[in-house]
Protein chains: 2
Amino acid sequence: MLTIGTLSKKTGTKEQTIRYYEQIGLMPEPGRTEGGQRRYDNAQLDRLSFIRHSRQLGFSLDAIRELLDLSDQPNRPCEEADAIARRQLKQVEQRMARLKALRTELKRMVHECSGGRTADCKVLEVLRDHSECLTEHDEIGA
Amino acid sequence: MLTIGTLSKKTGTKEQTIRYYEQIGLMPEPGRTEGGQRRYDNAQLDRLSFIRHSRQLGFSLDAIRELLDLSDQPNRPCEEADAIARRQLKQVEQRMARLKALRTELKRMVHECSGGRTADCKVLEVLRDHSECLTEHDEIGA
DNA sequence: GCTTGAACCTCTAGTAGCTAGAGGATGTAA
DNA sequence: TTACATCCTCTAGCTACTAGAGGTTCAAGC
């Protein structure tokens with residue numbers, strides 16, 4: 001039986017985060033000691049590792065919920081899991097494409113700035129006028 | 001004089017967002033009609049365009065605040081603005097590097113999945129066991 | 001058995017950057 | 001004057017946590 005602190009260390013997840021996952025139903029309610037402290041078993045350790053790893057790969061908590069559900073039904077076809085992963089891959093690729101355009105623009109801004117007064121600053125000038133941009137970029141919070 | 005609705009359309013910013021920017025002090029308090037409705041001038045339109053464009057390039061609201069301050073002081077050296085842009089460029093490059101690693105892993109997951117039962121699903125298997133990953137990836141919310 | 005202190009508990013509030021909706025007031029054209 | 005689009009404020013919600021206050025429990029050493 002593992003305490004929350006041990007589970008936290010083993011998975012690299014903050015204790016508060018573990019409680020949060022329990023609260024939103026991503027982790028099951030664990031057993032408790034008589035005094036009310038949480039105690040975990042290995043199945044729960046595995047589940048948390050799964051969640052953690054999925055988060056590192058950028059899956060949303062909702063997507064992880066779906067993946068966990070699928071994982072609990074070994075005899076279903078795995079197309080759904082595959083679809084979720086493909087969706088995630090697509091998102092990652094879209095984000096990369098956007099970042100690439102932003103990088104181009106930022107590089108240009110920075111390179112053209114010759115270090116004079118802010119009145120002549122190329123960085124500020126570009127920000128003032130979108131039409132100076134060579135690339136299109138219209139995603140906020142990409 | 002522009003209404004908030006017109007400003008919203010011209011800049012592609014939601015009305016609520018404009019009010020939010022005012023609330024956090026990023027946009028100045030505009031004039032009001034007798035009845036209390038906001039009316040904007042061209043300086044405010046320019047300012048909002050600047051904010052909007054900076055957001056599209058991924059700058060945080062805090063960074064934008066700094067950039068706006070600099071922009072208001074035409075005689076100061078523009079090194080600070082340049083530094084902010086460089087910082088942003090660096091962040092973008094870091095995010096791209098992380099996404100690249102994630103993409104590699106996701107691609108591998110998806111390609112290896114042959115479409116059987118979830119019990120044998122490669123996608124789920126990889127998520128269960130980080131040691132199967134060929135690349136390192138340890139950024140959440142990249 | 002008792003003490004001590006690390007680890008645990010719950011609860012609230014905060015983070016970024018908005019977004020949605022309720023319920024009501026205003027502006028403007030016909 | 002009437003209709004109704006647009007505006008107002010206020011509250012609460014979103015994602016995915018994180019921090020901290022104030023109090024309780026566990027386990028090891030004496």
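In what follows, chains are A, B, ... by sequence order, proteins preceding strands, each numbered from 1.
- For B:Arg98 and B:Glu93, the salt-bridge test fails: no basic side-chain N is under 4.0 Å from an acidic carboxylate O.
- In this structure, A:Ser60 does not reach the D:dT15 phosphate: none of its side-chain N or O atoms is under 4.0 Å from OP1 or OP2.
- Taking 4.0 angstrom as the limit, B:Thr17 places a side-chain polar atom (N or O) nearer than this to OP1 or OP2 of C:dT19.
- Distance from the side chain of B:Gln37 is smallest to D:dC8 among D:dC26, C:dT10, D:dC8.
- Between the side chain of A:Gln16 and the base of D:dG20, a donor-acceptor pair under 3.5 Å is found.
- Using a cutoff of 4.0 Å between basic side-chain nitrogens and carboxylate oxygens, B:Glu22 and B:Arg19 are not scored as salt-bridged.
- Here the side chain of A:Arg19 is nearest to one of D:dT6, D:dA19, C:dC9, namely C:dC9.
- Put simply, NZ on B:Lys14 is 17 Å from P on D:dC8, counting in whole angstrom units.
- Contact check on B:Arg38 versus B:Glu29 returns no salt bridge, with no Lys/Arg side-chain nitrogen under 4.0 Å from an Asp/Glu carboxylate oxygen.
- Among the heavy atoms of the strands lying under 4.0 Å from B:Arg38 are primed sugar atoms or P, OP1, OP2 only; no base atom is included.
- Ion pairing between a basic and an acidic side chain is recognised when a charged N comes within 4.0 Å of a carboxylate O; A:Glu112 and A:Lys107 show no such pairing.
- Atom CD of A:Glu22 is separated from atom C1' of C:dC11 by 14 Å (rounded to the nearest Å).
- Dashed line: the shortest gap from a side-chain N or O of B:Arg32 to OP1 or OP2 of D:dT9 is under 4.0 Å.
- When each of C:dC9, D:dC7, D:dC17 is scored by its nearest atom to the side-chain atoms of A:Arg55, the top-ranked nucleotide is D:dC17.
- Among the nucleotides C:dC18, C:dC8, C:dT26, the one closest to the side chain of A:Ile4 is C:dC8.
- The distance between atom CD of A:Gln56 and atom C1' of D:dA16, rounded to the nearest whole Å, is 15 Å.
- Listed nucleotides C:dG17, D:dG20, D:dC10 differ in distance to B:Tyr20; the shortest reach to its side chain belongs to C:dG17.
- Within 4.0 Å (heavy atoms only), B:Ile24 reaches no atom of the nucleic acid at all.
- The distance from atom CE of B:Met1 to atom C1' of C:dT26 is 17 Å, rounded to the nearest whole Å.
- Of the two residues contacting DNA chain C, namely A:Gln23 and A:Glu15, the nearest-nucleotide position lying further toward the 5' end is that of A:Glu15.
- When the nearest nucleotides of DNA chain C are assigned to B:Arg39 and B:Asp62 by heavy-atom distance, the more 5′-ward of the two goes with B:Asp62.
- Within the 4.0 Å cut-off from OP1 or OP2 of C:dC18, at least one side-chain nitrogen or oxygen of B:Tyr21 is found.
- Not one side-chain nitrogen or oxygen of B:Thr33 sits closer than 4.0 Å to the OP1 or OP2 atom of C:dT26.
- When only modelled atom types and interatomic distance are considered, A:Gln73 and A:Arg76 share a side-chain donor-acceptor pair under 3.5 Å.
- Note: CZ (A:Phe59) to C1' (D:dT15) measures 17 Å, nearest angstrom.
- Summarising the geometry, the separation between CD1 on A:Ile51 and P on D:dT15 is reported as 16 Å, rounded to the nearest angstrom.
- Atom CG of B:Leu2 and atom P of C:dG27 are 16 Å apart (whole Å).
- A salt bridge links B:Asp82 with B:Arg86: the closest approach of a Lys/Arg side-chain nitrogen to an acidic carboxylate oxygen falls below 4.0 angstrom.
- The listed nucleotides are D:dC7, D:dT18, C:dC18; the one nearest the side chain of B:Leu61 is C:dC18.
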